[in-house]
Amino acid sequence: MDIVSPALDDYLLAHCTPADDILRDLVEETHALVPGTSMQITHDEGEFLTMLVRLTGARTAVEVGVFTGYSSVCIARGLPADGRLIACDISEEWTSVARRYWERAGLTDRIDLRLAPADETLRALPEEPFVDFAFIDADKEGYPTYYEELVPRLRPGGLLVLDNVLRTGRVVDPEAQSPADVAIRRINDRITADDRMQSVMLPLRDGVTLARKRT
Ligand SMILES: C[S@@+](CC[C@H](N)C(=O)[O-])C[C@H]1O[C@@H](n2cnc3c(N)ncnc32)[C@H](O)[C@@H]1O
């Protein structure tokens, strides 16, 4: 299911601040490494993340799902020079690409890569609220766990962003019952019913939820 028509998707991409050479090269290298991949966020979503980080004034961010680094570059660019992004992934191969682009973008000092299953990384973080911004874009079955680990660590007013919450429309297809489909429906329902959070789901690309911790 197209969430937005392909023609309008192209129009949306053509009408946001253009990607710079670093991000363009990262897209090219990623597609050479993993032909046909749809794992990387698109540029309009990346600009959206940078804008959200700046608008919230975030200083401390967490990302679950780095891949080759597109979203981490976009998030880290929104942070102040002394800000910090804790970036979680399990792939040495893919994050080695990310590291090169963080270096090229002058962001290495801001990014703290944790190579381990994200549930372990998140559980090991301090339990008090210290996170201003978090982005979840990893294995879909893990979303409910990542959400429950992140929300108590979010500061009041902090923003949690979740990608792929529409599963290309499978959320409304009763026959779609893969573990990933079930997990995404579960987390979508959980967020809506969670009194700690104010949330809105946007039809950007594969669906993006913004969930803000109430003050
Ligand atoms: C959709 S990709 C992330 C794309 C990335 N946000 C970007 O903009 O390019 C998902 C990533 O989640 C990682 N991942 C999968 N299972 C994980 C787990 N249990 N813990 C941490 N990362 C995991 C994969 O290695 C992969 O790099």
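Throughout, numbering of the chain's residues begins at 1 and tracks the sequence.
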Peer 1: Between Leu159 and Leu79, is there shared hydrophobic-cluster membership here, with clusters defined by ILVMFWY side-chain heavy atoms closer than 4.5 Å?
Peer 2: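 Same cluster.
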
Peer 1: Go through it in stages, so that I can follow the logic: the residues are Arg99 and Glu103, the test is salt bridge (Lys or Arg N to Asp or Glu O under 4.0 Å), and I'd like the CA-CA distance, side-chain angles, deciding distance and then a yes or no.
Peer 2: CA-CA 6 Å; Arg99 282 179 202 263; Glu103 181 72 36; over 6 Å; no

Peer 1: Tell me yes or no: between the side chains of Tyr101 and Glu29, is some donor less than 3.5 Å from an acceptor?
Peer 2: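 Distance-only check passes for Tyr101 and Glu29.
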
Peer 1: Please identify which of these residues, Arg59, Arg155, Lys213, meets the salt bridge (charged side-chain N to carboxylate O under 4.0 Å, His left out) condition with Asp132.
Peer 2: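 The residue from Arg59, Arg155, Lys213 that satisfies salt bridge (charged side-chain N to carboxylate O under 4.0 Å, His left out) with Asp132 turns out to be Arg155.
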
Peer 1: Under 4.5 Å between any side-chain heavy atoms of Leu210 and Val208, yes or no?
Peer 2: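 Leu210 vs Val208: side chains touch.
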
Peer 1: Got a second to check how far Leu113's CG is from Glu63's CD, nearest 0.5 Å?
Peer 2: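 With rounding to 0.5 Å, CG (Leu113) is 9.5 Å from CD (Glu63).
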
Peer 1: Counting distance only, does the side-chain N/O of Gln198 pair as donor-acceptor with the main-chain N or O of Arg212 below 3.5 Å?
Peer 2: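 Between the backbone of Arg212 and the side chain of Gln198 there is no qualifying donor-acceptor contact (under 3.5 Å).
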
Peer 1: Step by step, would you call Arg153 with Glu128 a side-chain contact (heavy atoms from CB on, under 4.5 Å)?
Peer 2: CA-CA 5 Å; Arg153 293 172 169 90; Glu128 71 267 13; over 6 Å; no

Peer 1: Which one of Asp109, Leu85, Val66, Ile22 satisfies the side-chain contact (heavy atoms from CB on, under 4.5 Å) criterion with Trp102?
Peer 2: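 Of the listed options, the one satisfying the test is Val66.
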
Peer 1: With the 4.5 Å side-chain cut-off for hydrophobic clustering, are Ile3 and Leu202 part of the same group?
Peer 2: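 In one cluster: no.
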
Peer 1: Between Arg123 and Glu149, is there a donor-acceptor pair closer than 3.5 Å when you use the side chain of the first and the backbone of the second?
Peer 2: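 Checked: no pair found.
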
Peer 1: Applying side-chain contact (heavy atoms from CB on, under 4.5 Å) to Val73 and Leu107, what does each step give before you reach the verdict?
Peer 2: CA-CA 7 Å; Val73 167; Leu107 297 168; 4.0 Å; yes

Peer 1: Say whether Asp2 and Ser5, considering side chains only, have a donor N or O and an acceptor N or O under 3.5 Å apart.
Peer 2: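 Absent: no donor and acceptor within the cut-off.
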
Peer 1: If you count every heavy atom of other residues, nucleotides or ligands that lies below 6.0 Å from Tyr11 atom OH, does the total exceed 12?
Peer 2: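 Not buried by this count: 12 neighbours or fewer within 6.0 Å.
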
Peer 1: Within a reach of under 6.0 Å around CD of Glu28, are more than 12 heavy atoms found that belong to other residues, nucleotides or ligands?
Peer 2: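 No, the 6.0 Å shell around CD holds no more than 12 heavy atoms from other groups.
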
Peer 1: Does any part of the side chain of Thr30, heavy atoms only, come nearer than 4.5 Å to the side chain of Phe67, both counted from C-beta?
Peer 2: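 Of all side-chain heavy-atom pairs linking Thr30 with Phe67, at least one is under 4.5 Å.
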
Peer 1: Quick check: is Val200 connected to Leu55 through a chain of hydrophobic side chains (ILVMFWY, heavy atoms under 4.5 Å apart)?
Peer 2: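 Leu55 and Val200: separate clusters.
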
Peer 1: Could you check if a side-chain atom of Arg104 sits within less than 4.5 angstrom of a side-chain atom of Asp21, using non-hydrogen atoms only?
Peer 2: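 Yes, their side chains come closer than 4.5 Å.
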
Peer 1: Would you name the heavy atoms of Val4 and Leu8 that are closest together and state the gap between them?
Peer 2: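 Closest approach of Val4 to Leu8: CG1-CB, 3.5 Å.
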
Peer 1: Quick one: CD1 on Ile184 to CG on Leu162, what's the gap to the nearest 0.5 Å?
Peer 2: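 Answer rounded to 0.5 Å: 7.5 Å.
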
Peer 1: Are Ile86 and Val64 co-members of a hydrophobic cluster defined by side-chain heavy atoms under 4.5 Å apart?
Peer 2: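 In one cluster with Val64: Ile86, yes.
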
Peer 1: For the backbone of Ser91 and the side chain of Asp89, can you confirm whether one donor and one acceptor N or O come within less than 3.5 Å of each other?
Peer 2: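 Answer holds: yes.
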
Peer 1: Rounded to the nearest 0.5 Å, how far does CZ of Phe48 lie from NE2 of His43?
Peer 2: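 So the gap between those two atoms works out to 13.5 Å.
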
Peer 1: Regarding Ser199 and Thr209, do their side chains bring together a donor and an acceptor under 3.5 Å, going by distance alone?
Peer 2: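 There is no such pair between these side chains.
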
Peer 1: Under the criterion side-chain contact (heavy atoms from CB on, under 4.5 Å), I'd like the reasoning laid out for Leu160 against Ile191: C-alpha separation, chi angles, the key distance, then a yes or no.
Peer 2: CA-CA 11 Å; Leu160 178 52; Ile191 294 171; 6.0 Å; no

Peer 1: With heavy-atom distances below 4.5 Å as the criterion, would you say the side chains of Val62 and Phe133 are in contact?
Peer 2: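 No, too far: nothing below the 4.5 Å cut-off.
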
Peer 1: Could you check whether any side-chain heavy atom of Met1 comes within less than 4.5 Å of a side-chain heavy atom of Arg170, counting everything from C-beta outward?
Peer 2: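 Met1 does not reach Arg170 side chain to side chain.
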
Peer 1: Hey, does the side chain of Asp44 reach the backbone of Leu12 with a donor-acceptor pair shorter than 3.5 angstrom?
Peer 2: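 Answer holds: no.
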
Peer 1: Can you find a pair of side-chain heavy atoms, one from Pro129 and one from Leu154, that are under 4.5 Å apart?
Peer 2: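 Heavy-atom side-chain distance check fails, nothing below 4.5 Å.
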
Peer 1: Do you see a donor-acceptor pair shorter than 3.5 Å between the side chains of Arg205 and Thr42?
Peer 2: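 Arg205 vs Thr42: donor-acceptor pair found between side chains.
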
Peer 1: Which heavy atom of Arg77 sits nearest a heavy atom of Arg54, and at what distance?
Peer 2: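 Closest pair (atom of Arg77, atom of Arg54, distance): O-NH2, 3.2 Å.
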
Peer 1: With a sphere of 6.0 Å drawn around CE of Met51, does it hold more than 12 non-hydrogen atoms of other residues, nucleotides or ligands?
Peer 2: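 No.
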
Peer 1: For Asp20 and Leu23, indicate whether the former's side chain and the latter's backbone hold a donor-acceptor pair under 3.5 Å.
Peer 2: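 Yes, Asp20 side chain to Leu23 backbone: donor-acceptor pair under 3.5 Å.
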
Peer 1: Looking only at heavy atoms, which two atoms of Gly69 and Leu26 are closest? And how far apart?
Peer 2: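 Shortest heavy-atom separation between Gly69 and Leu26 comes out as C-CD2, 3.8 Å.
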
Peer 1: Output yes when Arg196 and Glu148 qualify as a salt bridge under the 4.0 Å nitrogen-oxygen rule, no when they do not.
Peer 2: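 Salt bridge: yes.
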
Peer 1: What heavy-atom pair brings Cys74 and Thr50 nearest, and what distance separates the two atoms?
Peer 2: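 For Cys74 versus Thr50, the nearest heavy atoms are O-OG1, 2.8 Å.
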
Peer 1: Do the charged groups of Asp189 and Arg185 touch, with an N to O distance under 4.0 Å?
Peer 2: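 Salt bridge between Asp189 and Arg185, a charged N being under 4.0 Å from a carboxylate O: no.
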
Peer 1: Run Ile90 and Thr95 through side-chain contact (heavy atoms from CB on, under 4.5 Å) and show every step you take.
Peer 2: CA-CA 8 Å; Ile90 45 173; Thr95 58; over 6 Å; no

Peer 1: Look at the side chain of Thr37 and the backbone N and O of Val34, then say whether any donor-acceptor pair between them is shorter than 3.5 Å.
Peer 2: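 Looks like no, no N/O pair under 3.5 Å.
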
Peer 1: Can you check whether Tyr143 reaches Arg186 side chain to side chain, under 4.5 Å on heavy atoms?
Peer 2: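 A side-chain contact under 4.5 Å is absent here.
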
Peer 1: Are Leu52 and Val151 grouped together when hydrophobic residues (ILVMFWY) are joined by side-chain heavy atoms under 4.5 angstrom apart?
Peer 2: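 Hydrophobic grouping puts Leu52 apart from Val151.
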
Peer 1: Measure the CG-OG distance between Asn164 and Ser38 for me, rounded to the nearest 0.5 Å.
Peer 2: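 So the CG of Asn164 and the OG of Ser38 are separated by 8.0 Å.
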
Peer 1: Please give me the minimum heavy-atom distance between Gly65 and Ala138, naming the atom from each residue.
Peer 2: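 That closest heavy-atom pairing would be CA-CB, 3.9 Å.
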
Peer 1: Could you please spell out the steps behind the salt bridge (Lys or Arg N to Asp or Glu O under 4.0 Å) verdict for Asp82 and Arg110?
Peer 2: CA-CA 7 Å; Asp82 63 348; Arg110 269 178 235 185; over 6 Å; no

Peer 1: Can a donor-acceptor pair be found, under 3.5 Å and without considering hydrogens, that links the side chain of Gln177 to the backbone of Pro174?
Peer 2: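 Confirmed, Gln177 side chain pairs with Pro174 backbone.
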
Peer 1: Evaluate the criterion salt bridge (Lys or Arg N to Asp or Glu O under 4.0 Å) for residue pair Asp206 and Arg167; output intermediate values, then yes/no.
Peer 2: CA-CA 6 Å; Asp206 191 26; Arg167 302 272 304 147; 6.0 Å; no

Peer 1: Is the shortest heavy-atom distance from the side chain of Pro144 to the side chain of Arg190 under 4.5 Å?
Peer 2: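 When only atoms from C-beta onward are counted, Arg190 and Pro144 do not touch, as no gap falls below 4.5 Å.
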
Peer 1: Would the distance check show the side chain of Arg24 and the main-chain N or O of Ala19 forming a donor-acceptor pair, the cut-off being under 3.5 Å?
Peer 2: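 Between the backbone of Ala19 and the side chain of Arg24 there is a qualifying donor-acceptor contact (under 3.5 Å).
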
Peer 1: Would you name the heavy atoms of Leu122 and Cys88 that are closest together and state the gap between them?
Peer 2: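 Here Leu122 and Cys88 meet closest at CD2-SG, 4.3 Å.
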
Peer 1: Side chains of Asp137 and Tyr70: do they bring a donor and an acceptor to under 3.5 Å?
Peer 2: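 The criterion, which ignores hydrogens and geometry beyond distance, is not satisfied for Tyr70 and Asp137.
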
